[in-house]
Amino acid sequence: MIWVNDIFKSKINGDEFRVLWISFEDDLAYVFNLANNKLPVSTYLTKLIEQLENGEIQKRIDDPYINTIPEEAITKNDKLFRDSVWNLVKDIVEDEPAIYDRVLRGRMLDERSKVHNVTKNTLYKYLRWYWQRGKTKNSLLPQIHKRGGKGKTRKLSDKKIGRPSQYTTTIGKNVDEATKQIFAKAVKKYYHTRREYSFKAAYELMIKEFYTEPIEQACGTIQNELLAPNEIPSLRQFQYWYSKTYNSKEKLVARKGQSQYDLQHRSVLGKSDTGISGPGAQYQIDATVGDIYLVSQFNRANIIGRPVIYFVIDTFSRMVTGMYIGLEGPSWTGSMMALANSASDKVLYCANYGVTISDEEWPCCHIPDSILADRGEMESKSVETLINALNVRVDNTPAFRADMKSVVERWFLTINIKTTVFLPGHVKPDMAQRGGRDYRLDAKLDIRQFTRIMIQCVLNHNNKHYLENFKRTELMVADGVKPIPKELWSWGIRNYSGQLRKVAADTIKLCLMPTDTALVTAKGIRFKGLHYLSERAALEHWFETARAKGSFKVAISYDPRDMKNIYIYDKNSAMLEKCYLTDWESKWIGKCLDELLQQQAEERALRNQNKRQDLQSSVDLHTEIEKVVTEAEEMAKQTVLPISKRERTSHIHNNRAAEKEQIRKEEAFSIGDIPKPHSTQIPEPPEKNIHPITALIKKMAEEDYDD
């Protein structure tokens, strides 16, 4: 199958081209040649499919052109550049397929060029960036990793940098790290407050506090006088530093407050839809706490509480496209897992839980045009990477309007009625009543087993559930389409185009994975208590450096579902490098972050329980040591010592030899003899010329005689 954004390579000339737009109904496709970077051209969709089946073209699994840089790693200036270019071309690139027509495109660019005073060549350059790099907002970013020294902080000397002054008394100095720290303190104290000081007033107060010195006057009073002009930063330097350090949002939030910013100044992401035009036009996502208690995989006697369940459902077909079962409360992490699952291969996903399916049973491995959520985690900063890197619109419902996501809300009700009510550990309403049974003690399922049950529920819903209240369109009725999610999904793909997009699995993961910082130590890269190794860290001697100079932090991305790997972002190559768990922590391979945190919490609880016992054992040990020391001190008092200290210390060597000889005699092995207590009597010498065996027999006979 051919999807929008697929990259194909020709076996004839080796050129690569990207699919920009397709229409099954018109048998039409627009493609963009990535080799010569010319403008898009049209072709027959059936021709592409025929070339793919004949082996004339081959689909690329990866996408080396798409920009997957995390939002946190993009500089402020690059974000400003990207957003300005996006506002310039957004309306025309979204006007598909008109933008691909040569005549219509020329008219659009002529109009845009006149309105924004930009040359057509510049607009064509931005269009080529957009088409070549995956049709995302981030495709309009400058090529960061190809830059040289531009933008890097200069190493300052004593000589003043910048344009030479025309006046000898002009204020200004090199802004070094110490000066920047003073700037930061002044901004926090005088400008980022609700007192609404002007920027110049904040500058003057900073000068008064940090760049004056008290001088005694002739009249005896003390007056603060300015330092020399070359020791005082100028207002322009203060303004320049502030503009580079804080973006517009940070300035407004600091001056107006978060609530006022959200009300009057925040950006509005996405736009409202008037209708759902096909599969992938809109996915709905939501989470709920499952009405069931689960047990731990590590120790099945431990009850770990209720799981958090995420589902992603296609609004058009009611197809469940993704899911996630976890332990952490509703958060961006859970949303990330569900969205990544909706765009991943379901055959492999189900196989991980022991469920075997075919591609036709769960054919959902795409990203949608838009996502509808209910605020919360989908309004967090993490969602910006999803919007900008994958060009997915995110719409949020107003507060207390769950009815606007009725599709996914109804699915949760169905799950509770048809599934969880029959499972052990199900939440029952009568536990609070007198004599009611504690249903938590009935818990039997762990999180993987519960996930497997949920997978079976999804497969049943997608392939067999008849949607009784679904209103079919006239075309659906004419084609005899049953209101079953799978049939609606397949029919929608055949009759509507341009909604579903397929992106490489690694690209999805990089755009959705949460970011954090890890600590490089002598034992490895430590994150969440685990230690990792990487090829780059070994080649660049990170661990030796950490041991010699101290630990240091690095930015990482990770997948909370499996802690066997983390990923280090390399700004020079704009790529993520995989790090692997050390051998001595391999037991965590395949374990999720929730399980890791649960196990660590149990270990901490166990240590706390044994603290009193350890303290008591230490007290007992010190008591026994003191007894022995006291006994030795009493014996020392009763010992007659030599007259001089020299006489006592001059024979240490001989004393040691005599002591060693005596200890050897006491510790010598004696087989067959019964140990006798120490005696001061001298033992009788053995009879001469008697064999040892004969002596032993004689001794045994004497003992029998005595009895």
Can you tell me how far apart [atom1] ([X]) and [atom2] ([Y]) are? Round to the nearest 0.5 Å.
| X | Y | atom1 | atom2 | answer |
| --- | --- | --- | --- | --- |
| D479 | R494 | CG | CZ | 7.5 Å |
| E577 | S557 | CD | OG | 13.0 Å |
| K578 | L533 | NZ | CG | 14.5 Å |
| I447 | R452 | CD1 | CZ | 13.5 Å |
| Q284 | T321 | CD | OG1 | 10.5 Å |
| N341 | C364 | CG | SG | 10.0 Å |

Output yes when a side-chain donor or acceptor of [X] lies under 3.5 Å from a complementary backbone atom of [Y], and no otherwise.
| X | Y | answer |
| --- | --- | --- |
| H531 | G524 | no |
| Q600 | K528 | yes |
| K135 | L20 | yes |
| Q58 | K9 | no |
| Q613 | N610 | no |
| D446 | R448 | yes |
| S490 | K486 | yes |
| R133 | I66 | no |
| H461 | R318 | yes |
| N495 | W491 | yes |

Contact between [X] and [Y] at the side-chain level, heavy atoms closer than 4.5 Å - yes or no?
| X | Y | value |
| --- | --- | --- |
| I453 | L445 | yes |
| N138 | I74 | yes |
| V458 | M323 | yes |
| Y532 | T582 | no |
| L294 | I303 | no |
| I285 | L339 | yes |
| L372 | Y283 | no |
| F311 | D286 | no |

Crowded around [X] [atom1]? As in, over 12 foreign heavy atoms under 6.0 Å?
| X | atom1 | result |
| --- | --- | --- |
| D583 | CG | no |
| K482 | NZ | no |
| I61 | CD1 | no |
| R300 | CZ | yes |
| E535 | CD | no |

Y558 ring center within less than 6.0 Å of F527 ring center: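 Here the rings of Y558 and F527 have centres that are less than 6.0 Å from each other.
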
For the residue pair Y466 and F470, is the inter-centroid distance of their aromatic rings smaller than 6.0 Å?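 Ring-ring flag for Y466/F470: false, centres at least 6.0 Å apart.
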
When you check the gap from the basic side-chain N to the acidic O, do D6 and R18 get nearer than 4.0 Å?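 Judged by the 4.0 Å cut-off on N to carboxylate O distance, D6 and R18 do not form a salt bridge.
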
Pair D442 + R440, salt bridge at N-O below 4.0 Å: no

Could you go step by step and tell me if D345 and D359 meet the side-chain contact (heavy atoms from CB on, under 4.5 Å) rule? CA-CA 8 Å; D345 186 346; D359 288 324; 4.1 Å; yes

Donor on one side chain, acceptor on other, D314 and S317, under 3.5 Å: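 Present: a donor and an acceptor within the cut-off.
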
Test side-chain contact (heavy atoms from CB on, under 4.5 Å) applied to D369 and Q282, step by step: CA-CA 6 Å; D369 185 59; Q282 184 189 80; over 6 Å; no

Classify the angle between the aromatic ring planes of W362 and Y349 as parallel (below 30°), tilted (30 to 60°) or perpendicular (above 60°).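 It falls in the perpendicular class, over 60°.
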
Parallel, tilted or perpendicular: which describes the rings of F552 and W542, with under 30° parallel and over 60° perpendicular? perpendicular

Do you know which two heavy atoms are closest between [X] and [Y], and how far apart they sit?
| X | Y | value |
| --- | --- | --- |
| A518 | I525 | CB-CG2, 3.7 Å |
| I2 | I22 | O-CD1, 3.6 Å |
| S370 | A281 | OG-O, 2.7 Å |
| I566 | I556 | CD1-CG2, 4.3 Å |
| V295 | K444 | CG2-O, 3.6 Å |
| P307 | F450 | CG-CE2, 3.9 Å |

I would like to know whether R501 and W3 meet side-chain contact (heavy atoms from CB on, under 4.5 Å); could you show each step before the answer? CA-CA 6 Å; R501 290 176 292 151; W3 306 102; over 6 Å; no

Take Y310 and S335, measure what side-chain contact (heavy atoms from CB on, under 4.5 Å) needs, and give me the verdict at the end. CA-CA 7 Å; Y310 270 90; S335 300; 3.4 Å; yes

